[in-house]
Visitor: 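Below is a structure I'd like to ask you about.
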Protein chains: 2
Amino acid sequence: MAEKVTSLQVAERAGVSQSAVSRVFTPGASVSQKTVDKVRKAAEELGYRPNVLARAMVSGKSRIIGLVVAYLDNYFYPETLEILSNALQEQGYHVLVFMTSHTAGPIDDVVQEILDYQVDGIVTASVAMSSKLSQKCIQANVPVVHFNRFEKTQGVSSVTSDNFAGGRELAQFLVAGGHQKIAYIAGWEGASTQRDREAGFRAGLAELGQSLFARSCGEFDTDHARAAAHAMFNVAADKRPDAVFVANDHMAFAVMDELRFCLDLKIPEDVSVVGFDDVPPAAWRAYDLTTMRQRANLMVAETVDALLAHIEDPANAAPRQVSISAPLIVRGSARLPANWPPQEG
Amino acid sequence: MAEKVTSLQVAERAGVSQSAVSRVFTPGASVSQKTVDKVRKAAEELGYRPNVLARAMVSGKSRIIGLVVAYLDNYFYPETLEILSNALQEQGYHVLVFMTSHTAGPIDDVVQEILDYQVDGIVTASVAMSSKLSQKCIQANVPVVHFNRFEKTQGVSSVTSDNFAGGRELAQFLVAGGHQKIAYIAGWEGASTQRDREAGFRAGLAELGQSLFARSCGEFDTDHARAAAHAMFNVAADKRPDAVFVANDHMAFAVMDELRFCLDLKIPEDVSVVGFDDVPPAAWRAYDLTTMRQRANLMVAETVDALLAHIEDPANAAPRQVSISAPLIVRGSARLPANWPPQEG
DNA sequence: GTGAAAGCGCTAACAC
DNA sequence: GTGTTAGCGCTTTCAC
């Protein structure tokens, strides 16, 4: 077991002071080329690399971003994590993962743990955080961004899709498709994504003289969604919706399976189904789901931007509320409007 | 912006020494109840929490485990990450994520970065690591476990399913189902999972007097798999395989979609499809895939166990090669053998 | 441009 | 059981 190589050892070998070594490994420091060469050579030979933790202690910057996430079974989140991690890595940051237990977790405890690691920032995905805790982060000068969730907590940033506009566009699409009995299967009522999507959807219907034909709650959970769909569609044909917007793709797949394999309904002939997220399986032929695309790459870019802005200049970085437009992705799970695609101009 | 609360401040407020404070927050230390009370009270009032990084510096233990992963689009990995993160959290550890870029990444650089964080251990998933680098980790006394990949690199642990046995069981199942023209769509040839699954599958066929009717490589990539399936099945009916084992579920879904929607084949009437992993979508009715279950929970438990064993007693923790049996999950994508399920005894 | 010296916040001997 | 004293490996003034 090799000893740990320290900057001091490198210094001795290179015949310079320890601080010279430090300077060589500090981007903006002033060192002569000669010193750089000597130090680099010695470091190479010894296999020296700066200890990030020690650097973090003295500089106060850990270059660690804490990510709080409740579950990974909605594939929007793994996708997000991959993009986020890559984006941060490019900036020299890394993601420390904190799962809040499925069981209505003590998320505040988790955030406390995060803070203990002296993270430079926190991203929360699919979880709520008490405003007391948010205050604590602000006090500690650790920027927080809520990803895919809007929260009006003071001082906290958020990045979401434009869920209201998305819901509205879906309503327009379904009505244009000639549907008359349009239903909605909701997500967990506490989530802003759920609220905004539904509000937009209802608004869109109302603008076109319709309203929800049926509504049920799937809690963003496949089993709940399946049951909700069963109850909603297992009725006489004339009392059955002819289209349904399911609040996210993950539930939509379960709903489609239930409709097809349990209720023997054809999609989209008997009923149109649309979702929200555009996770990868939505493009799989077995589902071929018409849905709103959450542009994870853009959302992550905004998230990273908000974080870094605050880290680099805490004083002048106001919290931001970013909303990214979500394009409609038309596939085969919903009947197309006549004259589709629409003519430009 | 609140100042950072240090143990010294707590000490002053509690009227004790700074080391007394430290002891109160150190599990096995000897402190009187009276001191504990005073310190806890002062800490509470100040909102003090020990700085994990400072602790890490002096103790040499960061309680961070580095996870290297190449991609998250095979849903086996998000599942793994969730379980791993939860399991480690319970032990007071956390996961620092490192993505190696899709593009045949410089994984060695990534591991170097990990080492810079003074991690207590490293888990690699779906990536290979040069043996030179492995040596470096061993030298640094950082245990490494290869998750879902067997590598005979010295000093490195690995945890995998029993891929050979799994492949063999699949062969037996397919032959028992009356198949005569059995094909295989391989994963990336460099992966041990691919090699072992194929070897087991071939062995199983050979034992029953059969051999591969066709073989093609899907590279563990859906597009490649789709193309491979197309070429393999887009032939006269009598030259077409009647069953295919696709090296993982992720590719199997793409293959099923191709067979059904492009080639208009019925599953399992025209062709049986089996996969490996049992990721969540395998249970979705649209796929209903017969597959071998990789028991992620057990695999993770072994991973954590191997890591902690080494961390707690580096001298006596030999690297281990763990292989977890994978149960066959029979669903509807493959024709059942006669007299299924088999009688016990 | 470079070295000496002072910590970052904490744990771990070491005396008492 | 408690306080005192050294550092952990590094960055960062500060003189020179």
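Just so it is clear: chains get the letters A, B, ... in the order the sequence lines come, proteins before strands, and each one is counted from 1.
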Visitor: Tell me: CZ of B:Arg63 to C1' of C:dC10, nearest whole Å?
Guide: 15 Å
Visitor: Locate the shortest heavy-atom distance separating B:Val127 from B:Ala70; write the atom from each residue and the value.
Guide: CG1-CB, 3.5 Å
Visitor: Go through it in stages, so that I can follow the logic: the residues are B:Asn86 and B:Glu90, the test is side-chain hydrogen bond (donor to acceptor under 3.5 Å, both in side chains), and I'd like the CA-CA distance, side-chain angles, deciding distance and then a yes or no.
Guide: CA-CA 6 Å; B:Asn86 276 133; B:Glu90 270 170 32; over 6 Å; no
Visitor: Between the protein and nucleotides 4-8 of chain C, which nitrogen or oxygen pairs come in under 3.5 angstrom?
Guide:
{"from": "C:dA4", "atom 1": "N6", "to": "A:Ser19", "atom 2": "OG", "distance (Å)": "3.3"}

Visitor: Could you tell me whether a side-chain N or O of B:Gln89 sits under 3.5 Å from a main-chain N or O of A:Met99, the two making a donor and an acceptor?
Guide: yes
Visitor: Under the ring-ring contact (aromatic ring centres under 6.0 Å, His included) rule, collect the residues that match up with B:His94, sequence neighbours excluded.
Guide: A:Phe98, A:Tyr117
Visitor: Between which nucleotides of DNA chain D, read 5' to 3', does contact with chain B run, using atoms under 4.0 Å from its heavy atoms?
Guide: D:dG1 to D:dG9
Visitor: Quick one, B:Tyr93 and B:Leu307 - any side-chain contact, counting heavy atoms below 4.5 Å?
Guide: no
Visitor: Say you draw a straight line from CD of A:Gln33 to CG of A:Asp37; how long is it, rounded to the nearest 0.5 Å?
Guide: 4.5 Å
Visitor: So if I take residues 31-53 of chain A and measure heavy-atom distances to DNA chain C, which residues fall below 4.0 Å?
Guide: A:Val31, A:Ser32, A:Thr35
Visitor: Could you give all pairs that pass the ring-ring contact (aromatic ring centres under 6.0 Å, His included) test and reach residues 8-53 of chain B, with sequence neighbours left out?
Guide: B:Phe25-B:Tyr48
Visitor: Answer yes or no: is there a side-chain heavy-atom contact under 4.5 Å between B:Met129 and B:Cys137?
Guide: yes
Visitor: Can you name the nearest heavy-atom pair linking B:Asn148 to B:Thr193, along with the distance?
Guide: O-CG2, 3.4 Å
Visitor: Within the structure provided, determine whether B:Asn141 and B:His310 are in side-chain contact (heavy-atom separation under 4.5 Å).
Guide: yes
Visitor: Please name the pair of heavy atoms, one in A:Gln294 and one in A:Ser161, separated by the smallest distance, quoted to 0.1 Å.
Guide: OE1-OG, 2.6 Å
Visitor: Using side chain to side chain contact (heavy atoms under 4.5 Å, CB included), reason through A:Val69 and A:Ser126 one step at a time and then give a plain yes or no.
Guide: CA-CA 6 Å; A:Val69 62; A:Ser126 74; 4.1 Å; yes
Visitor: Taking the axis from the first five pairs and the axis from the last five, what angle separates them in the helix from C:dG1-D:dC16 to C:dC16-D:dG1, rounded to 10 degrees?
Guide: 30°
Visitor: Would you mind classifying the nucleic acid contact of A:Val21 as base, sugar-phosphate or nothing, using non-hydrogen atoms under 4.0 angstrom?
Guide: nothing
Visitor: Kindly check if the number of other-residue, nucleotide or ligand heavy atoms within 6.0 Å of NZ (B:Lys41) is above 12?
Guide: no
Visitor: Given atom CG of A:Asp116 and atom C1' of C:dC10, what is their separation to the nearest angstrom?
Guide: 13 Å
